Colleague: 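Dropping the structure in here first, questions after.
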Amino acid sequence: MSVFILLLVVVIVIFAVKDIRLNLVSRPTFKMFKKVLPPLSQTEREAMEAGDVWWDGELFSGNPDWQLLHSYPKPELSEKERAFLDNEVETLLAMLDDYQIVQKDKDLPKEVWDYLKTQGFFAMIIPEKFGGRQFSAVANSTIVAKIATKSLTAAVTVMVPNSLGPGELLLHYGTKEQQQRWLPSLANGQDVPCFALTGPEAGSDAGSIPDSGVVCKGEFEGKEVLGLRLNWSKRYITLAPVATVLGLAFKMYDPDGLLGKQKELGITCALIPTDHPGVETGERHFPLNMAFMNGTTYGKDVFIPLDWIIGGQQGAGRGWRMLVECLSAGRGISLPALSSATGHLCARMTSAYATVRQQFGVSIGQFEGVQEALARIGGLTYSLESCRLMTAGAIDLKLSPSVVTAIAKYHMTEMGRTVMNDAMDIHSGKGIQVGPNNYLAHGYMGIPVSITVEGANILTRNLMIFGQGATRCHPFVLKEMEAAAMEDDDLALKEFDALLLQHIIFAATNAGMAFVHGLTRSYFAKSPVCGATARYYKQLGRMSRGLAFSTDVAMLVLGGELKRKEMISARLGDVLSHLYLASCVLKRFEDEGRQQADLPFVKYAVELSLFEIGQAFDGFFKNFSNPVVNFILKRIVFPLGNHYQRPSDEIAQEICEHMTQPGVFRNRLTHLCHVDENAGTGVMENAFIAMHDTSAAFKRLKKWQREGTLNRNHDIETAINSARKKQLITDEQAEKLHGANNLRKQAIAVDNYKAGEL
């Protein structure tokens with residue numbers, strides 16, 4: 001005991017007396033920190049500094065403030081936004097024949113293009129003073145999602161001008177003259193924008209783009225002016241074949257020093273009319289049979305004046321910062337909208353199909369194998385919509401949360417892929433026969449496109465989420481890195497010493513609390529609510545502690561190597577991601593008044609996230625390079641073992657019961673799914689309602705066949721007629737049963753083509 005007390009006194013003296021702490025702890029730690037500090041390129045540094053830390057910072061703190069989460073405003077539409085959805089969007093949806101668009105015309109009809117332009121679909125982010133709609137991020141997202149349930153081609157066409165593109169860049173960085181020149185014409189549809197970043201040799205790594213702009217003098221409008229000689233080759237550029245104004249990213253050079261001493265100014269963005277001499281557009285790609293306009297743009301020795309740089313000459317070299325901040329809007333609005341639309345469409349149509357389609361005389365939705373997949377569709381759809389709303393809501397708070405939007409982009413597109421695959425499995429043959437009545441095929445083809453854009457998913461998971469999150473969201477690491485980069489060593493050591501002391505206390509607190517909560521199964525952890533969801537807040541808080549402590553240890557042990565240990569760092573990123581996804585679900589549940597019918601979906605979504613967190617930690621511990629540290633970490637985070645399990649079969653069956661019943665809940669779960677009375681979605685929905693309304697009568701029919709009252713070998717139509725002849729049912733009942741059966745047959749039918757028609 002006396003030895004323990006002596007050691008405790010020594011530790012207190014070392015850390016309490018500043019001079020001793022500086023010499024014995026801070027100075028050697030500072031030297032080691034500078035040595036292991038991962039090298040950052042200029043583009044990495046700019047990406048690190050861009051954007052805002054939001055709820056992700058709370059999750060990284062080890063002690064998230066759940067009251068703060070609940071205090072964020074509930075994402076809602078304004079009256080004018082709701083009116084636009086109910087009128088202009090509904091009119092647009094009625095104009096869209098997606099089979100004709102994708103399989104025959106390979107383009108939107110001219111009247112649709114005209115309608116999109118004149119009704120402000122391309123101007124949702126542009127302020128009203130420039131003639132735009134000035135809608136919120138939530139409205140933007142909701143409109144794109146609604147359109148996507150009818151036509152992915154139309155949705156992509158609408159979303160691109162309202163995400164990363166000239167409009168977004170002009171609003172944030174353009175000069176007044178540039179805004180007045182371009183925003184009105186973009187708002188009224190006279191100009192169609194595109195933005196060219198990706199090229200054959202540079203995709204997600206924009207820092208390696210070979211496209212160049214060299215400062216020189218040239219002739220413009222009959223005068224010699226200072227400008228740029230541009231050379232570029234870009235591909236995968238959405239709307240490029242039809243764009244009238246091109247946003248272009250390139251590296252800017254000033255070899256002759258015409259602007260100053262700096263020779264390499266860095267990535268720069270400019271705005272160029274596509275009819276400008278030397279600009280080449282018009283060639284199309286054909287991305288997985290999708291009909292939205294996507295193609296190439298080239299330019300060789302194209303001269304433009306300097307004031308075409310976005311932001312004017314002051315914008316030279318600031319392009320990467322602009323792109324990183326604006327990319328987060330695309331990740332946080334557009335792609336989550338498409339993924340959420342996948343959930344809404346698949347949940348509504350697959351629940352209907354599982355009811356209508358029969359095998360062995362019963363609906364396939366009664367088979368537990370189908371229920372497992374259908375429950376996954378329902379649970380993930382609830383999670384998708386929750387994440388869509390919360391992430392878009394953050395952007396409406398005038399934030400640019402780069403880590404959160406990267407989480408949304410990666411996990412929502414992957415969840416969308418899972419949902420679509422389950423829907424295709426349940427639909428089986430109906431899902432793979434392309435035709436006017438197939439409402440899944442085009443979405444299935446388009447999902448890989450979402451996976452690749454705004455940063456390919458592999459890069460987003462392995463580099464962006466944790467790579468940015470660990471430094472941006474951590475309360476001390478970025479500040480310590482800044483201190484280590486200071487030129488004055490004495491001042492740097494002083495700054496570092498203060499941060500290090502706080503960091504040590506932070507890490508020790510998280511380790512201790514993670515261990516205690518692990519031993520007590522989070523019984524004493526805090527929760528802002530009572531009832532069924534209280535335990536989820538406690539478990540998420542405990543995992544937040546585990547993430548914070550594990551991150552500190554990983555950075556301490558691996559240092560700069562952690563940057564290259566992508567399999568290790570990505571698993572910590574998965575923990576952060578699922579903490580965020582579960583937070584979104586709980587926030588939505590509170591925002592919507594704790595609807596009891598939602599509880600199975602909330603339980604499914606949060607328990608699935610907790611399971612994935614446990615799996616990510618298991619993978620992290622198993623593959624961590626230092627076995628001693630691995631053992632200690634695992635015993636601190638999971639002292640009694642990892643007990644997180646997938647959602648139970650009971651929860652899955654509750655979800656299926658809710659999804660296969662028409663009514664208010666099913667409508668709320670899938671409220672963005674457009675049901676077209678003249679297309680396959682309308683046929684399926686009508687059959688679902690009719691079969692539900694006549695389910696009791698069909699059960700009696702089956703019972704009579706089993707008992708021998710009716711011939712058990714008769715098909716449904718014959719059995720109905722036989723029951724009517726035997727006066728077991730009335731003429732009116734028989735007519736209703738025939739009507740429901742005819743709708744059922746229409747719903748399960750697939751498209752056929754005559755010989756030679758294709």
Side-chain angles (χ1 to χ4, degrees), residues 80-81 84 88-89 92 107-108 110-137 139-141 143-144 147 153-197 234 237-249 268-276 279 281-282 292-295 297 304-305 307-312 315 319 322-323 325-327 329-330 333-334 337 395 454:
K80 67 176 183 179
E81 292 166 347
F84 188 83
E88 284 85 351
V89 172
L92 171 65
D107 191 6
L108 296 171
K110 182 181 182 303
E111 59 269 23
V112 171
W113 275 107
D114 291 342
Y115 189 76
L116 293 174
K117 293 174 181 179
T118 59
Q119 298 304 312
F121 280 86
F122 294 166
M124 292 191 287
I125 64 171
I126 296 176
E128 290 180 343
K129 67 179 180 180
F130 294 112
R133 290 285 184 178
Q134 199 172 341
F135 285 166
S136 65
N140 187 344
S141 168
I143 290 165
V144 169
I147 297 170
T153 294
V156 171
T157 303
V158 168
M159 84 183 194
V160 169
N162 293 293
S163 55
L164 175 62
E168 179 85 4
L169 293 168
L170 283 169
L171 282 172
H172 289 91
Y173 309 106
T175 64
K176 288 185 178 180
E177 292 76 15
Q178 289 172 338
Q179 291 177 347
Q180 291 167 356
R181 160 66 182 88
W182 289 110
L183 290 177
S185 61
L186 289 170
N188 63 27
Q190 290 180 5
D191 280 306
V192 175
C194 72
F195 189 85
L197 173 61
K234 304 287 191 180
I237 311 306
T238 302
L239 295 188
V242 296
T244 62
V245 57
L246 167 70
L248 183 69
T268 302
C269 298
L271 213 55
I272 309 168
T274 56
D275 61 2
H276 186 64
V279 178
T281 58
F292 62 85
M293 289 292 163
N294 185 268
T297 175
I304 67 168
D307 59 9
W308 283 10
I309 294 174
I310 295 176
M322 296 178 185
L323 293 173
E325 293 183 343
C326 289
L327 274 168
I333 299 174
S334 302
I395 295 170
E454 302 279 19

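Computed from heavy atoms alone, side chains included, the values below leave out hydrogens, waters and symmetry copies. Note that the structure is a prediction, hence the values are computed from the model and not measured.
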Colleague: So, do Ile143 and Met124 sit near enough that their side-chain heavy atoms are less than 4.5 Å apart?
Modeller: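 SC-SC contact between Ile143 and Met124 confirmed.
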Colleague: One pair to check against side chain to side chain contact (heavy atoms under 4.5 Å, CB included): Thr175 and Asp307. What are the steps and the verdict?
Modeller: CA-CA 9 Å; Thr175 64; Asp307 59 9; over 6 Å; no
Colleague: Over all heavy atoms of both residues, which pair between Phe84 and Gln119 is shortest? Give the atoms and the distance, please.
Modeller: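 In this case the closest contact between Phe84 and Gln119 is CE1-O, 3.5 Å.
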Colleague: Would you indicate whether the side-chain heavy atoms of Leu170 and Arg181 approach each other to under 4.5 Å?
Modeller: no
Colleague: How are the rings of His276 and Trp308 set to each other: parallel, tilted or perpendicular (split at 30° and 60°)?
Modeller: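 If you compare the ring of His276 with that of Trp308, the planes turn out perpendicular.
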Colleague: Give a yes or no on whether the backbone of Ala243 and the side-chain of Thr274 come within a donor-acceptor separation of less than 3.5 Å.
Modeller: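 Yes.
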Colleague: Give me the atom names and distance for the closest heavy-atom approach of Ala155 to Ile147.
Modeller: N-CG2, 3.6 Å
Colleague: Tell me, with the steps shown, if Trp113 and Met293 meet side chain to side chain contact (heavy atoms under 4.5 Å, CB included).
Modeller: CA-CA 12 Å; Trp113 275 107; Met293 289 292 163; 4.1 Å; yes
Colleague: Closest heavy-atom contact between Asn294 and Thr238?
Modeller: ND2-OG1, 3.0 Å
Colleague: Would you confirm whether Lys234, through its side chain, and Leu248, through its main-chain N or O, come within 3.5 Å as a donor-acceptor pair?
Modeller: no
Colleague: To check you understand the geometry: which heavy-atom pair defines the closest contact between Ala187 and Phe130, and what is its length?
Modeller: CB-O, 3.5 Å
Colleague: Could you pull out all residues at least two apart from Glu88 that satisfy salt bridge (Lys or Arg N to Asp or Glu O under 4.0 Å)?
Modeller: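 Only Arg133 meet the salt bridge (Lys or Arg N to Asp or Glu O under 4.0 Å) criterion with Glu88.
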Colleague: Report yes if some heavy atom in the side chain of Phe122 is under 4.5 Å from a heavy atom in the side chain of Thr157; otherwise report no.
Modeller: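 Phe122 vs Thr157: side chains touch.
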Colleague: For the residue pair Pro193 and Leu271, establish whether any side-chain heavy-atom pair is separated by less than 4.5 Å.
Modeller: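 No. Closest side-chain heavy atoms not under 4.5 Å.
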Colleague: With side chain to side chain contact (heavy atoms under 4.5 Å, CB included) as the criterion, how do Leu239 and Val156 come out once you've worked through the C-alpha distance, each side chain's angles and the decisive distance to 0.1 Å?
Modeller: CA-CA 9 Å; Leu239 295 188; Val156 171; over 6 Å; no
Colleague: Under the salt bridge (Lys or Arg N to Asp or Glu O under 4.0 Å) rule, what pairs show up with a residue in residues 123-132, not counting sequence neighbours?
Modeller: Lys80-Glu128
Colleague: For Phe195 and Leu169: C-alpha separation, side-chain torsions, deciding distance, then whether side chain to side chain contact (heavy atoms under 4.5 Å, CB included) applies.
Modeller: CA-CA 10 Å; Phe195 189 85; Leu169 293 168; 3.3 Å; yes
Colleague: Short question: side chain of Gln178, backbone of Ile309 - any donor-acceptor pair under 3.5 Å?
Modeller: yes
Colleague: Would you indicate whether the side-chain heavy atoms of Leu92 and Val112 approach each other to under 4.5 Å?
Modeller: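 Yes; the side chains approach each other to less than 4.5 Å.
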Colleague: Would a 4.5 Å heavy-atom cut-off, applied to side chains only, mark Leu108 and Leu116 as touching?
Modeller: yes
Colleague: Would you say Cys269 and Ile310 make side-chain contact, with heavy atoms under 4.5 Å?
Modeller: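 Touching, per the 4.5 Å side-chain cut-off.
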Colleague: For residues Ala337 and Val144, report the shortest heavy-atom separation together with the two atoms involved.
Modeller: CB-CG1, 3.9 Å
Colleague: May I ask you to check whether Phe121 and Phe135 place their ring centres under 6.0 Å from each other?
Modeller: no
Colleague: List for me each residue that meets salt bridge (Lys or Arg N to Asp or Glu O under 4.0 Å) alongside Lys176, sequence neighbours excluded, and say none if there are none.
Modeller: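 Counting only residues at least two positions away or on another chain, Lys176 forms no salt bridge (Lys or Arg N to Asp or Glu O under 4.0 Å).
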Colleague: Looking only at non-hydrogen atoms, find the nearest pair between Gln179 and Pro184 and report the distance.
Modeller: O-CD, 3.5 Å
